[in-house]
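So you know, we letter chains A, B, ... as the sequences are listed, proteins then strands, and number each from 1.
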2 protein chains.
Amino acid sequence: MANGAQKERVSGSLTAGSLTARLQAAVRERGQRWTEQRQLIVDVLAASDGHATGAELVERVRQDDPSATPSTVYRTLDLLEELGLARHHHGPDGRETYHLEETTEHGHLHCRGCGAEQELDAAAAAPILKAITGATGFSADLDHLSLQGLCATCRADQKG
Amino acid sequence: MANGAQKERVSGSLTAGSLTARLQAAVRERGQRWTEQRQLIVDVLAASDGHATGAELVERVRQDDPSATPSTVYRTLDLLEELGLARHHHGPDGRETYHLEETTEHGHLHCRGCGAEQELDAAAAAPILKAITGATGFSADLDHLSLQGLCATCRADQKG
DNA sequence: CCCCTTATTGCAACGTGTTGCGATAGAATC
DNA sequence: GATTCTATCGCAACACGTTGCAATAAGGGG
């Protein structure tokens, strides 16, 4: 087995109130513990509902609790990913970007011409994922899909 | 303008002997200089013809020239990318991997089940790239395409 | 409520890249 | 080959993440 930890999904309808309780239960079931820091990190992640880099999250957590260290934040983010609550992917520069799983699953397109970043929702991605499976037998994770290339506008500009 | 430097392709038929001469000419045309370190870095990159991480390249260069520093190696790799000779992409862990442009352009598939890494050649990728363009108008760079997901074998295992 | 086990934390050090700056050394010109 | 201009180099410091280890604290059992 290559997978260390089992993934048990926690999410579902993530109403703010029940989220903590659910997480707490899920964590305890795994023989792990619920701490104030973990609570805080979940709160911060939920508050920055778009995308946030690891460094940004660390900074925001430390605003509320200066005693928190990067290692704790990153370890907690890893835990949240194992629980299926958070996700991360790597931008074109290789830096990590995190977001809550409750955000609709989506891919990322990064244009090397104008630097624009656009999201790719499940519907738009469906034919792409199908093509990938058809060509390779591979079932790609939409959430880890991060493409680089030229957007339609920049392609037109280049031709002109 | 988002693009800092113009990209002028250097490659073509990269016979070992002429490569250096061509590079040297291309570099000088840009008002830049050809140095022993750059020569060495090109040699190392050519010798490790598959994929090598930035750190690996730094280490190999330092074996031949201990005075070389990481900053020089990385700056040279950037230059080689601008010249179109080298390429890099980010693995699932975000680390950089470099390879010579002469290597056939290809994407990467990383299986989160068994950890296997497989390459995706241009022919196999064609329908995928077409699907991407169809769904998004986006012209994706095959060489920067790094997918994560489950390979056919692991998908079958999961069902069993 | 206290004790015990051990998961979690903070720290310190490391790994991988990046950046600013003064010193060095290409290479074009004389 | 000496001079001059400036690109490149090495260094030192930084940014982002990761890891090992000893101290702390969560939380289950007596």
**Q** With respect to the phosphate group of D:dG10, does any side-chain polar atom (N or O) of B:Thr72 fall under 4.0 Å of OP1 or OP2?
**A**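 For D:dG10, OP1/OP2 do have a side-chain N/O of B:Thr72 under 4.0 Å.
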
**Q** Just the rounded figure in Å: distance from P of D:dT18 to OH of A:Tyr74.
**A**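 After rounding, the reported distance stands at 7 Å.
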
**Q** Can you give one letter per nucleotide of nucleotides 1-7 of chain D, 5' to 3': B if a protein heavy atom sits under 4.0 Å from the base, S if only from the sugar-phosphate, - if neither?
**A** -----BB

**Q** To the nearest angstrom, how far is B:Gln39 atom CD from C:dG26 atom P?
**A**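 Roughly 13 Å, once rounded to whole Å.
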
**Q** For B:Asp93 and B:Trp34, take the nucleotide of DNA chain D holding the closest heavy atom to each; which residue's nucleotide lies nearer the 5' end?
**A**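 Result of the comparison: B:Trp34.
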
**Q** Could you check B:Glu56 against A:Thr76 and say which one's nearest nucleotide on DNA chain C is further toward the 5' end?
**A**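 The residue mapped nearer the 5' terminus is A:Thr76.
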
**Q** Not counting sequence neighbours, which residues clear salt bridge (Lys or Arg N to Asp or Glu O under 4.0 Å) with A:Arg95? List them please.
**A**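 Once residues adjacent in sequence are excluded, the partners of A:Arg95 under the salt bridge (Lys or Arg N to Asp or Glu O under 4.0 Å) criterion are A:Asp93.
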
**Q** Can you measure A:His90 atom NE2 to D:dA15 atom C1' for me and round it to whole angstrom units?
**A**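 Computing the A:His90:NE2 to D:dA15:C1' distance gives 16 Å.
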
**Q** Restricting both atoms to N or O, compile the protein contacts to nucleotides 11-14 of chain C shorter than 3.5 Å, with distance only.
**A**
unit_1, atom_1, unit_2, atom_2, d
C:dC11, N4, A:Ser71, OG, 3.2

**Q** Mind calculating the distance between CZ (A:Arg62) and C1' (D:dG17) to the nearest angstrom?
**A**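 Result: 14 Å.
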
**Q** Take B:Gly54 and B:Thr35, find for each the nucleotide of DNA chain C with the closest heavy atom, and name the residue whose nucleotide sits nearer the 5' end.
**A**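 Closer to the 5' end of DNA chain C: B:Gly54.
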
**Q** Sequence neighbours left out, what passes side chain to side chain contact (heavy atoms under 4.5 Å, CB included) with A:Pro70? Give chain and number order.
**A**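 Residues passing side chain to side chain contact (heavy atoms under 4.5 Å, CB included) with A:Pro70: A:Val58, A:Arg62, A:Tyr74.
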
**Q** Can you tell me how far C1' of D:dA26 sits from CG of A:Leu79, to the nearest Å?
**A**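 Atom-to-atom, A:Leu79 to D:dA26, this comes out as 15 Å.
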
**Q** Between B:Gln39 and B:Thr20, is there a side-chain donor-acceptor contact under 3.5 Å, judged purely by atom types and distance?
**A**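 Yes, B:Gln39 and B:Thr20 have a side-chain donor paired with an acceptor closer than 3.5 Å.
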
**Q** Excluding sequence neighbours, so at least two apart, what forms side chain to side chain donor-acceptor pair (under 3.5 Å) with B:Thr72?
**A**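 Per chain and number, B:Thr72 pairs via side chain to side chain donor-acceptor pair (under 3.5 Å) with B:Thr69.
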
**Q** Going by side-chain heavy atoms closer than 4.5 Å, which hydrophobic residues are tied to A:Leu150, directly or by a chain of links?
**A**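 Traced through the cluster, A:Leu150 reaches no other member.
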
**Q** Take the protein atom CD of B:Glu96 and the nucleotide atom P of C:dT16, then report the distance between them rounded to whole Å.
**A**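 Nearest whole value for this atom pair: 11 Å.
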
**Q** Can you name the residues that form a side chain to side chain contact (heavy atoms under 4.5 Å, CB included) with A:Arg60, not counting sequence neighbours?
**A**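 Checked A:Arg60 against side chain to side chain contact (heavy atoms under 4.5 Å, CB included); matches are A:Val44, A:Ser48, A:Ala52, A:Glu56.
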
**Q** For B:Arg28 and C:dG26, give me the distance from atom CZ to atom C1', rounded to whole Å.
**A**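 Taking CZ of B:Arg28 and C1' of C:dG26, I get 9 Å after rounding.
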
**Q** What pairs with B:His89 under ring pair (Phe, Tyr, Trp, His ring centres under 6.0 Å), at least two apart in sequence or on another chain?
**A**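 Per chain and number, B:His89 pairs via ring pair (Phe, Tyr, Trp, His ring centres under 6.0 Å) with B:His108.
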
**Q** Linking Ile, Leu, Val, Met, Phe, Trp and Tyr by side-chain heavy atoms under 4.5 Å, what else ends up with A:Leu109?
**A**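 For the cluster that includes A:Leu109, the remaining residues are A:Leu120, A:Ile128, A:Leu129, A:Ile132, A:Phe138, A:Leu142, A:Leu145, A:Leu147, B:Leu109, B:Leu120, B:Ile128, B:Leu129, B:Ile132, B:Phe138, B:Leu142, B:Leu145, B:Leu147.
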
**Q** How many whole angstroms separate atom CD of B:Glu36 from atom C1' of C:dT24?
**A**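 B:Glu36 atom CD is separated from C:dT24 atom C1' by 14 Å.
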
**Q** Of the nucleotides D:dT8, C:dG17, D:dC16, which one has an atom closest to the side chain of B:Arg95?
**A**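 So the nucleotide nearest the side chain must be C:dG17.
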
**Q** Has the side chain of B:Arg38 got a donor or acceptor atom that lies under 3.5 Å from a matching backbone atom of B:Leu23?
**A**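 No, B:Arg38 side chain to B:Leu23 backbone: no donor-acceptor pair under 3.5 Å.
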
